[in-house]
Amino acid sequence: MSRKRKADSGEVLKIGNKTISLEGYLTKKPKTTTPSTSTSDNNTPAPTSKNDSSITTNSKEFKPSRPLTGDPSLFPTRRTLPLYLYQDRIRSILSKKDVLVLVGETGSGKSTQVPQFLYQERWCQRRRVKVKTKVVDKDGNEIMEEGGKPKTREETVNVGGVIAITQPRRVAATTLAGRVAKECGTPLDTSGNGGRGYKGRGPKGKDVKGPKGGKDGEEWDEEKDVVEEMGKNGGDDEEVIEANGNEKKDKKEQEKGLVGYSVRFDHRVPPGTKIKYVTEGMLLQELLRDPHLRQYSAIIVDEIHERSVDVDLLSGFLKQIVTGDKAGRGGIPLKVVVMSATAQVERIKKFFSSDDSLKNGTSGEEVEYLQIEGRQFPVEVIHEPKPVPDIQEALIKTVFKIHTQEPLSDKHGKKDILCFLTGQEEIEAAQRLIEEFAETLDPKVPKVKVFPLFGQLSMEAQHEAFQPIKHPFTRKIVLATNIAETSVTVPGVRYVVDCGKAKVKQYRPRLGMESLLAKPISKSSAIQRTGRAGREGPGKCFRLYTAETFSTLQKTDLPEILRTDVLGAILTMKARGIDDVLAFPLMDRPEIEAVENALVHLHVLGALDDEGRITEMGRKMVMFPVTAPYARVLLAAADQKYDCLLEAIDIISCITAGDDIFMQVRSEEDKESVDVYRKELQRREGDLITYLNTMQRFVSTPSSDRATFCKQRRINVRNMRQALNIRKQLRSLSVKTKMLEDAPPPDSEVTYQPVSPETAERILKAFLRGFAMKTAVLAPDSSYVTAHGKHVVAIHPSSSMHGVKREAIMFLEHVYTQKNYAKKVSAIQAGWIAEALAC
DNA sequence: GAGCACTGC
């Protein structure tokens, strides 16, 4: 559940530990400038003169054909957004064409303004149309008529009326929705903070008279934050509220509103919603119910350049809808606006063009392109003259060169330094070196204060890096991982130091494992890092590599679909009716070997039959928001043979709640006391049963003691809260899919009892149904050798099984970093492996 | 003895 707080510094919004930049509307900015020449090497084609013809560059003279609507107090700032000038052009393009590619740099206002320009367009109104629907049986299989044609029936449905805007991250979707709702004059009530929300139905549930008409009539969703506000502001004694607590139901009438959002665990779609911000995954999920996206007149795909697996899949489905037969939508086209911060225009244009137009050489005719200038200050880029032998040394030199030669502030504000490094280890080493060196400085030189910033840091520690520094005569130096490249914005930064590398996870299909190694970044990533220096005023970017090295960098990062196991992507396609996954349109195709491996793996898991069609089990698996192997575990656990569904849910909730719920202990003295508490939770069966024990102990702890429980064991409160949300969702889905007969009793009625060794054995065997491939047996030389591939694998130090020798192990993760590591490890018997593979 | 970043009715 996102928590919203307005930041005290001007141009950012803080949500929990995240800072979202909203520059451009919160304050008036100086005249639009483009980045300096060195940063414009991103292969961005210049906008064509045709595109610019209707645009006056002076906003004072520009009178759009339609006045702004919504809250008038926000008009002045909206008028200063670069995008304001383009509204007629955007409307005119979309009245003629179905696809628009919009390239706009940070701060152009595209994410907030484009939907507002469009929702009143004629094509955006809801229409009643007749469609032919294929008749399916209860398993979703088509029913055939004699003659082999699918049986159809005609029905009248509503099509269109809503615009969806997809976002890669939940925080972005909810904050943008809040902002746009305010601009529209129908603010979203977010005060309840997850306490209540509109069920994600929106106009569709209300107006569509489908076969499921009034069945899902519940309007309110009890998505009570289970550990509400636990650990907020770093406080220790906050009230912790019991799950399923009997707080009074909010009877407040639903307010109508133009804007809503729908993200996992949090839906606010007021009646009358025309603009809906959703996560990419959420829209993919909607596609499962409604393959034609009938609710929508337009889909705006934002931040497509981030190229998540979800956005790639979504693009494929959208291409099919846009270029395919529109009978499912009663002939009404779906408009698609693809928005990107970096231009890969030709590829995207080509991708969304129909195959016919590609064949007869009119490629891109149906797709229009528009580029909006950004709001960046110029950033001077300084490369190293020759390659640096030692990155830490080069970093220190550069940081202190900046610190001693550049002013502490100017008329735009503070001039702080942001360094991009690869990981925690490097950051901590650099912090020590900088602090040591700072000691030796002349007292006349300003002081420095160093802040590390990486994902594993506690919320409070991350928060510190965003605060303006209190001491006068001191410069802030933030040492960050890639987290500062896209996820958060550090205010006050005017100098960027870029080491040119980042750690990337990459899946190796042949080995069935992934690696996490530091690799050179891409040009577009380097440009993104550079841009971080020019958000508040002119800046400088020091690259710790040569211009020659920069020129050798890959143009863009490898999209996620080429870096991860495509198991989930393939199952997603299969469940949405894609029979030939190799023919599915994708901007980048995974290697055939990766696809084949995934198909085999899905077959082993029982999600696909011998013909490669999705099975009933596969259909059940996609209902659960977990990866296919975990979904398989849940199905096994629901089986009488294993009968441990609630236990499996507890474990999977802990594991899939982001990073480990057990935080690393940093100081030595804390370690001792934390270890004592943690040892109590640990079980000799290994990590999985330890997670189960932890969850069971946690939920049986009285609400008021839960914060202490977490603190003593250094349990990450954010992740624990997420785990409880997931647990609740998986439980409710289990009831819905009839895997559980009744809703489980509330935690307050369950007393803690450690699981018996017999139950633990059943649980581990259920997990083996999803992870039989991820097992290893102890070799005579006392190393563990994997059953699949015969690789030597070491137990990761974060595991409770580290240093323990047992006859065989099962592990849920397999990562190569310094070594070949097994994580989330459990002790099993060697005989169980064959048993699991046999059935 | 070690941990880039996101995310899913």
Side-chain angles (χ1 to χ4, degrees), chain A residues 18 166-173 197 199-202 204-205 216 218 221 223 262-267 269 278-290 303 306-311 313-314 420-428 453-457 480-488 499 501-506 514-519 521 525 557 560 563-564 568-569 571-572 622-628 630-631 656-660 662-666 671 716 722 725-726 729-730 732-733 736-737 794-799 802-803 813 815 817-819 821 823:
Chain A
K18 306 286 189 208
T166 69
Q167 292 293 325
R169 280 171 291 283
R170 294 168 51 194
V171 268
K199 193 86 181 169
R201 303 171 50 210
K204 184 194 166 206
D216 51 348
E218 82 278 17
D221 185 23
E223 289 279 23
S262 187
V263 301
R264 192 183 188 187
F265 311 128
D266 197 3
H267 310 271
V269 187
V278 296
T279 45
E280 293 155 356
M282 190 60 78
L283 196 62
L284 270 181
Q285 211 60 38
E286 280 190 26
L287 219 40
L288 207 52
R289 291 193 296 272
D290 178 10
E303 314 276 13
E306 290 193 23
R307 294 296 304 277
S308 64
V309 173
D310 282 356
V311 94
L313 291 173
L314 205 52
F420 284 99
L421 297 169
T422 57
Q424 180 177 347
E425 211 176 342
E426 211 179 85
I427 286 171
E428 283 168 351
L453 181 62
F454 46 88
Q456 282 284 77
L457 275 180
T481 59
N482 245 356
I483 193 169
E485 199 181 298
T486 47
S487 309
V488 297
C499 77
K501 290 197 167 148
K503 280 191 187 169
V504 223
K505 218 171 219 181
Q506 181 143 20
E514 49 193 2
S515 58
L516 178 63
L517 300 167
K519 292 260 173 74
I521 58 172
S525 182
D557 290 301
E560 196 190 4
R563 292 189 290 110
T564 48
L571 187 59
T572 300
V622 292
M623 307 273 292
F624 289 88
V626 294
T627 58
Y630 287 123
T656 60
D659 298 309
D660 207 332
F662 293 108
M663 291 189 291
Q664 58 158 340
V665 189
R666 300 186 85 199
K671 204 167 159 26
N716 184 317
Q722 174 80 350
N725 277 327
I726 295 170
Q729 188 185 17
L730 294 179
S732 114
L733 283 166
K736 230 177 250 175
T737 53
I795 295 176
H796 194 270
S798 65
S799 168
H802 179 68
E813 287 166 27
V815 188
T817 48
Q818 312 278 319
K819 259 199 244 179
Y821 279 117
K823 299 171 95 173

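The sequence lines fix the lettering, A, B, ..., with proteins before strands; numbering per chain opens at 1.
- Atom CD1 of A:I483 and atom C1' of B:dG3 are 13 Å apart (whole Å).
- What separates NZ of A:K819 from C1' of B:dG3 is a distance of 15 Å, to the nearest Å.
- Here A:S798 does not reach the OP1 or OP2 of B:dA2: none of its side-chain N or O atoms lies under 4.0 Å away.
- Looking at heavy-atom distances under 4.0 Å, A:E485 makes no contact with the nucleic acid at all.
- A side-chain donor-acceptor contact under 3.5 Å links A:Q729 and A:R264.
- Listed candidates were B:dA5, B:dA2, B:dG8. Nearest to the side chain of A:Y821 is B:dA2.
- The nucleotide whose nearest atom lies closest to any side-chain atom of A:T481 is, among B:dC9, B:dG8, B:dA5, B:dA5.
- Residues satisfying the side chain to side chain donor-acceptor pair (under 3.5 Å) criterion with A:E428, sequence neighbours excluded, are A:Q424, A:R666.
- Within 4.0 Å of A:T817, counting heavy atoms only, lie sugar-phosphate atoms of the nucleic acid but no base atom.
- In this structure, A:T656 has no side chain to side chain donor-acceptor pair (under 3.5 Å) partners at least two apart in sequence or on a different chain.
- Side-chain proximity of A:Q285 to the nucleotides B:dC9, B:dC6, B:dG1 is greatest for B:dC9.
- Counting to the nearest Å, the P atom of B:dT7 and the CG atom of A:L571 are 22 Å from each other.
- B:dC9 atom P lies 10 Å from atom CG of A:D310, rounded to whole Å.
- Nucleotide B:dG3 holds its P atom 4 Å from the NE2 atom of A:H796, rounded to whole Å.
- Residue-level contact check: A:V626 touches the bases, meaning some heavy atom is under 4.0 Å from a base atom.
- Regarding A:L314, its CG atom lies at a distance of 16 Å from the P atom of B:dT7, rounded to whole Å.
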